[in-house]
Amino acid sequence: MHWNELATALFGPDHGLQAEGALITGTAIFDGQPMAVIGTIDHAPIGVELALRQARAVLDLMAQHPGRPLLLLVDTQGQQLRRHDELLGINRAMAHLAACVDQVRRRGHRVIALVYDQALSGGFLATGLMADACYALPAAEIRVMRLPAMARVTKIAEERLQALSQSNPVFAPGVANYVAMGGIQGLWEGDLAAALRQVLQTAPREDQRAALGAERAGRRCAAPVIQQVLDAA
């Protein structure tokens, strides 16, 4: 779905959002109340510049509009894979972006993320998965690492990973598998404005990803291990 079509479905034709390069920013009025929107378009690779522009928008929101809810619109092919960004410290820029999203949550802003097209790798981890809750459109494409890359990193044969992906969503891409793992809270279908309204009214502020993964049998060990660590602290 094109970002402008999505914005119109959520906020109406006079949504007030603008795209400058690969970055969407603006304030939309939803049910009579202002909502900040920050996002990316066109499968944007997140390099140092774009990561810092997103972080700046989050910091400005905290400074200028305390408590205003934030909607993160996610469409990214992941971090920018080029030497220029590596030399500039893409790892630190991405960490800074993730820390800003974490901080805006800690300051009391509701932070909801929506994967409306593509969400890959670090660009997804530093934005969508840092929100209070992350949702997706059914046609979205979500993955952190392709199986061939996973095979190279883990030294497990790709054929073995292919077999594991049939029964374990941890090894498989796709929006349904991320729902099963709890990374995606749920899917938005039909009336997108109604879906956003319901989320703003009911979505929890505490992180439920591990609990949802256990409940949905997509990530069974995370919640018990977390609880053991907390009990031992």
Side-chain angles (χ1 to χ4, degrees), residues 3 6-7 10-11 15-20 22-41 44 46-76 79 89-116 119 122-136 182-186 188 192-193 195-212 222-223 226 229-230 233:
W3 76 266
L6 173 66
L10 289 169
F11 306 113
H15 48 71
L17 306 183
Q18 294 182 335
E20 183 177 346
L23 180 67
I24 308 170
T25 55
T27 299
I29 302 300
F30 187 74
D31 287 346
Q33 300 298 319
M35 169 177 284
V37 181
I38 302 170
T40 51
I41 67 173
I46 311 297
V48 170
E49 179 185 0
L50 185 53
L52 294 180
R53 289 175 67 197
Q54 290 182 88
R56 179 75 267 169
V58 175
L59 292 173
D60 287 345
L61 171 63
M62 283 190 286
Q64 299 170 14
H65 306 288
R68 179 173 293 180
L70 169 62
L71 176 65
L72 297 171
L73 298 180
V74 181
D75 178 20
T76 175
Q79 65 267 30
I90 181 64
N91 58 320
R92 297 182 67 181
M94 297 287 280
H96 174 60
L97 171 57
C100 288
V101 178
D102 177 65
Q103 184 63 20
V104 80
R105 292 176 59 207
R106 293 174 185 269
R107 292 284 187 92
H109 298 251
R110 295 300 306 276
V111 182
I112 304 298
L114 175 64
V115 180
Y116 70 97
F124 177 41
L125 298 175
T127 54
L129 290 183
M130 293 299 298
D132 290 323
C134 185
Y135 298 82
I184 297 298
Q185 188 97 0
W188 289 7
L192 300 184
L196 175 58
R197 183 174 298 110
Q198 181 178 14
V199 164
L200 289 172
Q201 294 172 351
T202 63
R205 290 181 180 269
E206 67 276 7
D207 191 336
Q208 292 191 328
R209 292 176 176 88
L212 287 174
I226 290 171
V229 171
L230 293 175

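FYI, side chains are in, hydrogens and waters are out, and symmetry mates aren't considered; it's all heavy atoms of this structure. Being a predicted model, the structure only gives us computed values, none of them experimental.
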Query raised in the report: Would R110 and D132 satisfy side-chain contact (heavy atoms from CB on, under 4.5 Å), going step by step from the backbone distance to the final call?
Result: CA-CA 7 Å; R110 295 300 306 276; D132 290 323; 3.8 Å; yes
Query raised in the report: Could you walk me through whether F124 and I46 pass the side-chain contact (heavy atoms from CB on, under 4.5 Å) check?
Result: CA-CA 9 Å; F124 177 41; I46 311 297; over 6 Å; no
Query raised in the report: Under the side-chain contact (heavy atoms from CB on, under 4.5 Å) criterion, do L196 and L192 qualify, and how do the steps go?
Result: CA-CA 6 Å; L196 175 58; L192 300 184; over 6 Å; no
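The side-chain contact (heavy atoms from CB on, under 4.5 Å) search around D102 returns R105, R106, M130, not counting sequence neighbours. Contacts of L125 classified as side-chain contact (heavy atoms from CB on, under 4.5 Å), with partners at least two apart in sequence or in another chain: L129, V144. The side-chain contact (heavy atoms from CB on, under 4.5 Å) check on A223 picks up A210, A214, with sequence neighbours excluded. For Y135, the ring pair (Phe, Tyr, Trp, His ring centres under 6.0 Å) partners are W188, not counting sequence neighbours.
The shortest non-hydrogen separation linking A19 to I41 is CB-CD1, 4.0 Å. In plain terms, the two heavy atoms of L52 and A93 that are nearest each other are CD2-CB, 4.3 Å. Here the closest heavy-atom approach between residue A22 and residue L50 is recorded as CB-CD2, 4.1 Å. Shortest non-hydrogen contact noted between V101 and A131 is CG1-N, 4.4 Å. For M94 against A126, the heavy-atom pair with the smallest separation is O-CB, 3.8 Å. For L23 against G39, the heavy-atom pair with the smallest separation is CD1-O, 3.3 Å.
Judged by distance alone, with hydrogens and angles left aside, the side-chain atoms of Q79 form a donor-acceptor pair with the main-chain N or O of G122 at under 3.5 Å.
Within 6.0 Å of CD in E49 there are 12 or fewer heavy atoms belonging to other residues, nucleotides or ligands.
You'll find the side chain of C100 stays beyond 4.5 Å of the side chain of Q54, heavy atoms only. Between V37 and W3 the shortest side-chain heavy-atom distance does not fall below 4.5 Å.
Residue pairs that meet the salt bridge (Lys or Arg N to Asp or Glu O under 4.0 Å) test with at least one member in residues 23-32, sequence neighbours left out, are D31-R197.
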Please tabulate, for side-chain N and O atoms in residues 57-64, each donor-acceptor pair with protein atoms closer than 3.5 Å (sequence neighbours left out).
| residue | atom | partner | partner atom | Å |
| --- | --- | --- | --- | --- |
| D60 | OD1 | R56 | NE | 3.1 |
| D60 | OD1 | R56 | NH2 | 3.2 |

